[in-house]
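The figures here come from the full heavy-atom set of this structure, side chains too, leaving out hydrogens, waters and symmetry mates. What you are looking at is a predicted structure, and each value in this text was computed from that prediction instead of being measured.
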Amino acid sequence: MDILFIADPMASFKTYKDTTYAMMREMASRNWHLSHALAADLSIKDGMVVANATPFEFLGAKDDNDHAWFNPQNAQHKALTEFDAVIVRTDPPFDMQYLYLTHLLTHAEQQGAKVFNSSRALRDFNEKLAILKFPQWIAPTMVTTQSAQVLDFLKEHGDIIVKPLDGMGGCGVFRLQQNDPNIGSILEMLMKHNRQTIMAQRYIPAISEGDKRVLVIGGEVLPYALARIPKDGETRGNLAAGGKGVAQLLTDKEKQLAHALAPDLLQNGILLAGIDVIGGFLTEINVTSPTCFQEISQQTGLDIAKRFADAVEQAVSGSLKTEPEPEDNDIKVLEEPVHERIKLAENKETPDYILQILAGDTDEKVRWHTAKNPATPPQVLRTLAADNNAWVRGAAMKNPYLPNELLIKQADSNDSLERAAAARNPNMPPEILEKLVGDHDALVRHAVAENPKTPLSALQKMASREYDERIFRPLATHKDATIRAAVAKNVNTPMNMLWHLAEDADDSVRQGVAENSRIAASNPHTPPETLRQLAKHKDDAIRLTVAENSATPLEALRRLAKDKADEIRIAVAENTNCDEDLLRQLADDGFIGVRQSVTRHKKVSLATLKHLAEDKEAAVRRAVACNSRLPADTLEQLAKDRDERVRATATKDTNELQKLADNIDAKVRRAVAENLNTPAAVLRQLSDDNEPRVRAGVAENINMPADLMRKLSNDAEPVVRMGVAINSNASEEILRRLSDNDDERVRMAVAINANTPAEVLAKMAEDKRADMRQIVAENPNTSADTLKKLAADKNAWVRELARNNANFRG
């Protein structure tokens, strides 16, 4: 398994209690390949979501203060789809950067990456607001921006808790009682004079017994909770606020609550959740980076990290049940609609006639488990190999008892998933596997590389030429030394694999590594003359590695700065050995990515930055605006840029926002209106601006107060109403109203908004315009029923988009 963790810097981990550390330790013990990236290391290149990921060796902490528990290797630009799983463990707060991260992850999931928890869950499950989905389990609760409403709530209940919606670790949590003299100042601070939304809940006296963290992994409720008991005089039980953590068995009510939530969490893509319960009441649902693994494990002996790793492995392989097991195991067979049928479908002792019935089940999960079962008879597998669901067909293709003639036929399928499933089958004839070595899809070639029946001659051919790391992985660990030696000699072999092969027990493998030019090209101790020669190498991968080497001499970098490969010139522009003359030359490079890299170099001069501020590409000018060393005149110039994203970046200084809001140039005022740091008072001023584009900027700002949202949703200009319609904080009431707007552009903006209710999208899916139906088909909130209708749409593009939507059920 190849795992990417998107998490905070690893050197900051408190290894004695950090949950992410526990996850990594367990996965390392399974010999999984681990990499780490910050949220800021993600980007989109050539349409693919990629990470500047750092593979690392897990060494383990010697003591609580040991920060050298990992050995980082060379960072690699890899698509998220190249990892078996991407685990997001970035701590709150949920700010705009975190939101952008979830959007990138959504793109990656649409491309095939497996992200846990899912990007949609990270985005939609606000850890405070998510409890409102389960009103039967919560204490009296209100959410508001109005302090007067909080005072009425306090008067009604006498004793309440107030907290911000984006805090963590108990930060910003206050207990208010009617006789508290600080009520006014606390609410002013939290609510920022009625500009900040907060949550208020009736105080639960049982907090003295602990704020309990209940963990749900892969739909399974763990038997122990961590009761975080407040210290004396404290309302908060959070460990970060000084609470004491005590592992306790779940009470009957806590079990009932957690089992009620578990199916909904799993169906929403939440592999790991931390449910917070006080006195039997649900108070929070933590999905961004739930903790407490180590505390519970140390006190109970329950290996939670192992359970999590198992769940990841099952989720990646597709064997994780999408619904938890029922608590009552005495329910008679076939009386429980899905769970019992799945248990029958995967049981090797189930009679043939039952398996034949299950092969025609209406639920694809039941058919999928039937197709996987090695006890399923060949005649039933024939039926499942022609199923209308691709995953069911794939499972049948992998079944070792599938008749050979079906395997051979499937090797010619137009569907790469089906060819890959067939290629993994151990009964696939060797001559067909040898043919599939040349398949155009890497997924198929990967399956061939993993099949133990693939002829050695075919594997040697792949090991000598293949560039895909997923395919190299099984070849680099093949039992035959000639295969490993071919991988060792291949200049395209990833560096982490080469270092691993350098310790191989076979002499020919180690010799292959020694001969590999890429090793020399990456080594900072390689002599300058050798690097100069390697800079002329015919292989792009070698020249790229030289361009990345911090020891490469300047004259070699000058040569590489003229290389035909864009990624090599980018590497030169990022190399610390670059001087100002070379950076000035690269500032005129024909590829936008090179010029962007120049703007970020520590040695770039102000003259070069000013030159790039005039670049024809907005993305380059925006990169210039991000440079903290820009002089005031250049910053002012970019604040008036013709591109709104450049203007927004240039006006990020909140001290200048009020002054810029009065600027004569409407472009500058628009940039201020869009800026997320602009105070509400300035947004109110700009909401009355004479220029519609400025008002539209306010309408798109997610920090706009609710009353402004309502006001601008009735603006006379369609472009302003469009801004409201696309705003992720627009209320359902506003979105419903705008979905019937007389301007089709406004209606399209509603269709784009991921918060638009499913029933509204269902209505919009009937629109006569194909482009409107295309947008609905892409919306992550569109229901499975609506997508099923769109999958039969007369427009081919609508059909394709509907089938690619994560909610589509086939």
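In terms of modelled atom types and a separation under 3.5 Å, the side chain of His36 and the main chain of Ile6 share no donor-acceptor contact. Under a 3.5 Å cut-off, the side chain of Asn117 and the backbone N or O of Leu271 do form a donor-acceptor pair. A side-chain donor-acceptor contact under 3.5 Å links Asn399 to the backbone of Asn373. A donor-acceptor pair under 3.5 Å links the side-chain atoms of Glu127 to the main chain of Val287, judged by distance alone. In this structure a side-chain-to-backbone donor-acceptor pair under 3.5 Å is missing from His478 to Arg484. At least one donor-acceptor pair under 3.5 Å links the side chain of Thr376 to the backbone N or O of Thr370. With Gln298 contributing its side chain and Tyr16 its backbone, the two residues share a donor-acceptor pair below 3.5 Å. Using modelled atom types, one side-chain atom of Gln299 and one backbone atom of Ala247 make a donor-acceptor pair closer than 3.5 Å. Side-chain atoms of Asp506 never come within 3.5 Å of backbone atoms of Ala481 as a donor-acceptor pair (strictly under, hydrogens ignored). Looking only at distances, a side-chain donor or acceptor of Asn268 sits under 3.5 Å from a matching main-chain atom of Asp264.
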Evaluate the criterion side chain to side chain donor-acceptor pair (under 3.5 Å) for residue pair Arg123 and Thr106; output intermediate values, then yes/no.
-> CA-CA 10 Å; Arg123 184 165 56 247; Thr106 294; 3.1 Å; yes
Residues Asn549, Leu531; criterion side-chain contact (heavy atoms from CB on, under 4.5 Å); working and verdict = CA-CA 9 Å; Asn549 194 328; Leu531 290 170; 3.8 Å; yes
Walk me through it: do Val50 and Ile44 pass the test side-chain contact (heavy atoms from CB on, under 4.5 Å)?
-> CA-CA 6 Å; Val50 298; Ile44 295 181; over 6 Å; no
Lys306 and Asp310: CA distance, side-chain angles, deciding distance, salt bridge (charged side-chain N to carboxylate O under 4.0 Å, His left out) verdict = CA-CA 6 Å; Lys306 179 180 183 300; Asp310 287 344; 3.2 Å; yes
Yes or no on side-chain contact (heavy atoms from CB on, under 4.5 Å) for Arg393 and Leu384, after CA distance, side-chain angles and deciding distance?
-> CA-CA 6 Å; Arg393 296 196 302 272; Leu384 293 167; over 6 Å; no
Please report the C-alpha distance between Met48 and Thr81 in whole Å, then the side-chain angles of each, then the deciding distance to 0.1 Å, and finally whether the side-chain contact (heavy atoms from CB on, under 4.5 Å) criterion is met.
-> CA-CA 9 Å; Met48 295 295 294; Thr81 52; 3.5 Å; yes
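In this model, no donor atom of one side chain and acceptor atom of the other lie less than 3.5 Å apart for Gln294 and Thr19. Side-chain polar atoms of Gln314 and Ser319 form no donor-acceptor pair below 3.5 angstrom. Side chains of Arg120 and Thr102: a donor-acceptor N/O pair is absent below 3.5 angstrom, by distance only. With hydrogens and angles left out, the side-chain atoms of Arg89 and Thr20 include a donor and acceptor closer than 3.5 Å.
A heavy-atom distance below 4.5 Å is found between the side chains of Arg228 and Leu226. Here the side chains of Gln111 and Leu80 are not in contact, with every heavy-atom distance at 4.5 Å or above. Side-chain contact check for Leu222 versus Val214: every heavy-atom pair is 4.5 Å or farther apart. When side chains are defined from C-beta on, Met10 counts as touching Trp69, because their heavy atoms get closer than 4.5 Å. A 4.5 Å side-chain heavy-atom check between Met397 and Asn425 finds every atom pair outside the cut-off. Looking at heavy atoms from C-beta onward, Phe5 lies in side-chain contact with Met23 at the 4.5 angstrom threshold. The shortest side-chain heavy-atom distance between Phe293 and Ile217 falls under the 4.5 Å cut-off. Using a 4.5 Å cut-off on side-chain heavy atoms (C-beta onward), Thr288 and Val88 make no contact.
Taking a cutoff of 4.0 Å between a charged side-chain nitrogen and a carboxylate oxygen, Arg30 and Glu313 qualify as a salt bridge. Ion pairing of Asp18 with Lys14 is absent here, as no side-chain N (NZ or NE/NH1/NH2) approaches a carboxylate O to less than 4.0 Å. Under 4.0 Å is where a charged nitrogen must lie from a carboxylate oxygen, and between Lys212 and Asp276 no such pair does. Using a 4.0 Å cut-off between charged side-chain N and carboxylate O, Glu346 and Lys372 make no salt bridge. Salt bridge absent: Lys114 and Asp84 never bring a charged side-chain N and a carboxylate O closer than 4.0 Å.
Between the NZ atom of Lys365 and the NE2 atom of His339 there is a distance of 8.5 Å, given to the nearest 0.5 Å. Summarising the geometry, atom CG belonging to Asp441 is positioned 6.0 Å from atom CZ belonging to Arg419; distances are rounded to the nearest 0.5 Å. Residue Leu534 holds its CG atom at 9.0 Å from OG1 of Thr552, rounded to the nearest 0.5 Å. Once rounded to the nearest 0.5 Å, the distance linking CD of Glu295 with CD1 of Ile304 reads 9.0 Å. Going from atom CE of Met1 over to atom CH2 of Trp32 covers 4.0 Å, rounded to the nearest 0.5 Å. Rounded to the nearest 0.5 angstrom, Leu355 CG and Leu344 CG are separated by 8.0 Å.
Of all heavy-atom pairs between Val312 and Ala85, the closest is CG1-CB, 4.0 Å. When all heavy atoms of Ala547 and Ile568 are compared, the closest pair comes out as CB-O, 3.8 Å. Taking both residues in full, the closest heavy atoms of Val221 and Ala258 are given as CG1-CB, 3.6 Å, listed atom of the first, atom of the second, then distance. The minimum heavy-atom distance linking Thr90 with Ser289 is given by the pair O-OG, 3.9 Å. Pairing each heavy atom of Ala37 with each of Ala53, the nearest pair is CB-CA, 4.3 Å. When all heavy atoms of Leu265 and Ala273 are compared, the pair lying nearest together is CD1-CB, 3.8 Å.
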Validation: residues 56-64 side-chain donor-acceptor distances under 3.5 Å, sequence neighbours left out:
residue, atom, partner, partner atom, Å
Glu57, OE1, Asn71, ND2, 3.4
Asp63, OD1, Asn65, N, 2.8
Asp63, OD1, Asp66, N, 3.0

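Every residue two or more places apart in sequence or in another chain was checked for a salt bridge (Lys or Arg N to Asp or Glu O under 4.0 Å) with Lys45, and none qualifies. Annotation: salt bridge (Lys or Arg N to Asp or Glu O under 4.0 Å) contacts of Asp540 (sequence neighbours excluded): Arg543, Lys564.
The 12-atom threshold is not exceeded at CH2 of Trp391, counting heavy atoms of other residues, nucleotides or ligands nearer than 6.0 Å.
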